[in-house]
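Report on the structure given below.
This is a predicted model, so every value here is computed, not measured. Computed from heavy atoms alone, side chains included, the values below leave out hydrogens, waters and symmetry copies.
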Amino acid sequence: MFARFLLLLITLAPASGCGTAEPEYPTVTGNWTGTGVSFDTAESWRFRLEESSDGAVTGSFSIRVGRLVFSGTAGGTHTYPAVSLDLDMVFFGTVVSGTYQGQVISPDSIDGRVRLIEDMSRTLDLNRLGS
(Lines give C-alpha, C1' and ligand atoms only; values in the text may rest on other atoms or scores of the structure.)
Protein backbone atom coordinates (compact mmCIF):
# COMPACT_ATOMS: atom_id res chain seq x y z
CA MET A 1 0.00 0.00 0.00
CA PHE A 2 2.78 2.41 0.94
CA ALA A 3 4.58 1.62 -2.33
CA ARG A 4 1.46 2.55 -4.36
CA PHE A 5 1.11 5.82 -2.44
CA LEU A 6 4.79 6.64 -3.03
CA LEU A 7 4.41 5.83 -6.74
CA LEU A 8 1.36 8.13 -6.93
CA LEU A 9 3.30 11.00 -5.31
CA ILE A 10 6.22 10.56 -7.70
CA THR A 11 3.85 10.53 -10.69
CA LEU A 12 1.98 13.68 -9.60
CA ALA A 13 5.00 15.74 -8.50
CA PRO A 14 5.99 17.00 -11.99
CA ALA A 15 2.44 18.23 -12.62
CA SER A 16 2.27 20.14 -9.33
CA GLY A 17 4.12 23.20 -10.66
CA CYS A 18 7.08 22.79 -8.34
CA GLY A 19 10.27 24.55 -9.36
CA THR A 20 10.75 27.69 -11.38
CA ALA A 21 9.38 28.19 -14.86
CA GLU A 22 10.68 30.58 -17.49
CA PRO A 23 8.30 33.55 -17.87
CA GLU A 24 6.18 33.45 -21.01
CA TYR A 25 7.58 36.82 -22.09
CA PRO A 26 11.07 37.68 -20.86
CA THR A 27 11.65 41.06 -19.24
CA VAL A 28 14.31 43.51 -20.41
CA THR A 29 15.18 44.40 -16.82
CA GLY A 30 18.91 44.04 -16.35
CA ASN A 31 22.27 45.00 -17.75
CA TRP A 32 22.93 44.74 -21.48
CA THR A 33 25.97 45.22 -23.69
CA GLY A 34 26.59 45.50 -27.40
CA THR A 35 29.13 46.68 -29.96
CA GLY A 36 28.34 49.06 -32.78
CA VAL A 37 30.21 50.97 -35.45
CA SER A 38 29.57 54.62 -36.26
CA PHE A 39 31.58 56.73 -38.68
CA ASP A 40 34.04 53.80 -39.03
CA THR A 41 34.68 53.81 -35.26
CA ALA A 42 33.89 50.93 -32.88
CA GLU A 43 31.56 51.74 -29.97
CA SER A 44 30.93 49.72 -26.81
CA TRP A 45 27.39 50.20 -25.49
CA ARG A 46 26.00 49.36 -22.04
CA PHE A 47 22.39 49.66 -20.96
CA ARG A 48 20.91 49.33 -17.47
CA LEU A 49 17.16 48.87 -17.91
CA GLU A 50 14.19 48.44 -15.57
CA GLU A 51 10.84 47.24 -16.89
CA SER A 52 7.62 47.78 -14.94
CA SER A 53 4.67 45.40 -15.03
CA ASP A 54 2.90 47.53 -17.67
CA GLY A 55 5.87 47.32 -20.08
CA ALA A 56 7.26 50.80 -19.43
CA VAL A 57 11.07 50.79 -19.57
CA THR A 58 13.42 53.30 -17.91
CA GLY A 59 17.14 53.30 -17.47
CA SER A 60 20.51 54.61 -18.49
CA PHE A 61 23.14 53.87 -21.09
CA SER A 62 26.77 54.62 -21.86
CA ILE A 63 28.85 54.55 -25.01
CA ARG A 64 32.61 54.08 -25.01
CA VAL A 65 34.40 55.29 -28.13
CA GLY A 66 38.14 54.88 -27.67
CA ARG A 67 38.94 56.64 -24.40
CA LEU A 68 35.80 58.79 -24.47
CA VAL A 69 32.68 57.76 -22.55
CA PHE A 70 29.28 59.37 -23.03
CA SER A 71 26.20 58.56 -20.93
CA GLY A 72 22.52 59.30 -20.99
CA THR A 73 19.01 58.17 -20.18
CA ALA A 74 16.74 55.66 -21.89
CA GLY A 75 12.97 55.36 -21.68
CA GLY A 76 10.28 53.66 -23.68
CA THR A 77 8.27 50.46 -23.92
CA HIS A 78 8.59 46.70 -24.21
CA THR A 79 5.58 45.02 -25.79
CA TYR A 80 6.96 41.56 -26.42
CA PRO A 81 8.87 41.11 -28.59
CA ALA A 82 9.28 44.80 -29.57
CA VAL A 83 11.53 47.14 -27.57
CA SER A 84 11.36 50.86 -28.33
CA LEU A 85 13.59 53.31 -26.45
CA ASP A 86 14.13 57.05 -26.67
CA LEU A 87 17.74 57.98 -25.88
CA ASP A 88 18.99 61.34 -24.57
CA MET A 89 22.59 62.28 -23.75
CA VAL A 90 24.92 65.24 -23.50
CA PHE A 91 27.44 65.22 -26.35
CA PHE A 92 30.19 67.84 -25.93
CA GLY A 93 27.80 70.23 -24.16
CA THR A 94 24.81 69.67 -26.45
CA VAL A 95 21.82 67.47 -25.62
CA VAL A 96 21.22 64.97 -28.42
CA SER A 97 18.38 62.52 -28.81
CA GLY A 98 18.05 59.23 -30.61
CA THR A 99 16.17 55.95 -30.68
CA TYR A 100 16.74 52.23 -30.21
CA GLN A 101 14.31 49.81 -31.89
CA GLY A 102 14.71 46.11 -31.19
CA GLN A 103 13.17 42.68 -30.97
CA VAL A 104 13.70 40.33 -28.03
CA ILE A 105 15.11 37.16 -29.58
CA SER A 106 15.65 35.27 -26.32
CA PRO A 107 15.75 36.13 -22.61
CA ASP A 108 19.41 37.06 -23.15
CA SER A 109 19.48 38.82 -26.53
CA ILE A 110 17.86 41.72 -28.36
CA ASP A 111 18.44 42.37 -32.05
CA GLY A 112 18.03 46.01 -32.92
CA ARG A 113 18.99 49.26 -34.55
CA VAL A 114 20.13 52.53 -33.00
CA ARG A 115 20.05 56.06 -34.35
CA LEU A 116 21.92 58.77 -32.47
CA ILE A 117 23.65 62.07 -33.26
CA GLU A 118 22.02 62.51 -36.67
CA ASP A 119 23.71 59.51 -38.26
CA MET A 120 22.06 56.71 -40.14
CA SER A 121 20.30 53.93 -38.29
CA ARG A 122 22.74 51.08 -37.65
CA THR A 123 22.73 47.61 -36.14
CA LEU A 124 23.15 47.30 -32.38
CA ASP A 125 22.45 43.84 -31.01
CA LEU A 126 22.44 43.55 -27.22
CA ASN A 127 23.34 40.65 -24.93
CA ARG A 128 22.37 40.38 -21.28
CA LEU A 129 25.30 40.60 -18.87
CA GLY A 130 25.61 38.03 -16.13
CA SER A 131 23.62 35.24 -17.73
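- Partners of S106 by side chain to side chain donor-acceptor pair (under 3.5 Å), not counting sequence neighbours, listed by chain and number: S109.
- In this structure the side chain of I63 never reaches within 4.5 angstrom of the side chain of F91, judged on heavy atoms.
- Linking ILVMFWY side-chain heavy atoms closer than 4.5 Å, directly or via other members, places V69 and V65 in two distinct hydrophobic clusters.
- Heavy atoms of other residues, nucleotides or ligands lying less than 6.0 angstrom from CZ of R113 number more than 12.
- Donor-acceptor pairing under 3.5 Å is lacking for the side chains of T33 and N127.
- Distance check, rounded to the nearest 0.5 Å: CD of Q101 to CG of L85 gives 7.5 Å.
- Looking at R122, its side chain never comes within 3.5 Å of a backbone N or O of G36 through a donor-acceptor pair.
- Shown here for R128 and T29, the closest heavy-atom pair between the two residues is NH1-O, 2.5 Å.
- Looking at E51, its side chain does come within 3.5 Å of a backbone N or O of V28 through a donor-acceptor pair.
- When all heavy atoms of S97 and L116 are compared, the closest pair comes out as C-CD1, 3.8 Å.
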### Query
Checking side-chain contact (heavy atoms from CB on, under 4.5 Å) for the pair T99/D86: CA distance, chi angles, key distance, verdict?
CA-CA 5 Å; T99 59; D86 293 321; 3.9 Å; yes
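- Checked by atom type and distance alone, the side chain of R64 never pairs as donor or acceptor with a backbone atom of A42 at under 3.5 Å.
- Here the shortest heavy-atom pairing between M89 and G72 reads CB-CA, 3.8 Å.
- The hydrophobic cluster containing I105 does not contain V83, counting ILVMFWY residues as joined when their side-chain heavy atoms lie under 4.5 angstrom apart, directly or transitively.
- Between atom OG1 of residue T73 and atom CG of residue L87 there is a gap of 8.0 Å, rounded to the nearest 0.5 Å.
- No donor-acceptor pair under 3.5 Å is formed between the side chain of T58 and the backbone N or O of G75.
- Side-chain contact check for Y100 versus L126: some heavy-atom pair is nearer than 4.5 Å.
- The two atoms that bring W32 and T27 nearest to each other are CZ2-O, 4.5 Å, heavy atoms only.
- Residues forming a ring-ring contact (aromatic ring centres under 6.0 Å, His included) with W45 (at least two apart in sequence, or on another chain): F47, F61.
- By the 4.5 Å heavy-atom criterion applied to side chains, H78 and L49 are not counted as neighbours.
- Linking Ile, Leu, Val, Met, Phe, Trp and Tyr whenever their side-chain heavy atoms come within less than 4.5 Å leaves F70 and V95 in two separate clusters.
- E43 has its side chain out of reach of L124: every pair of non-hydrogen atoms, C-beta onward, lies at least 4.5 Å apart.
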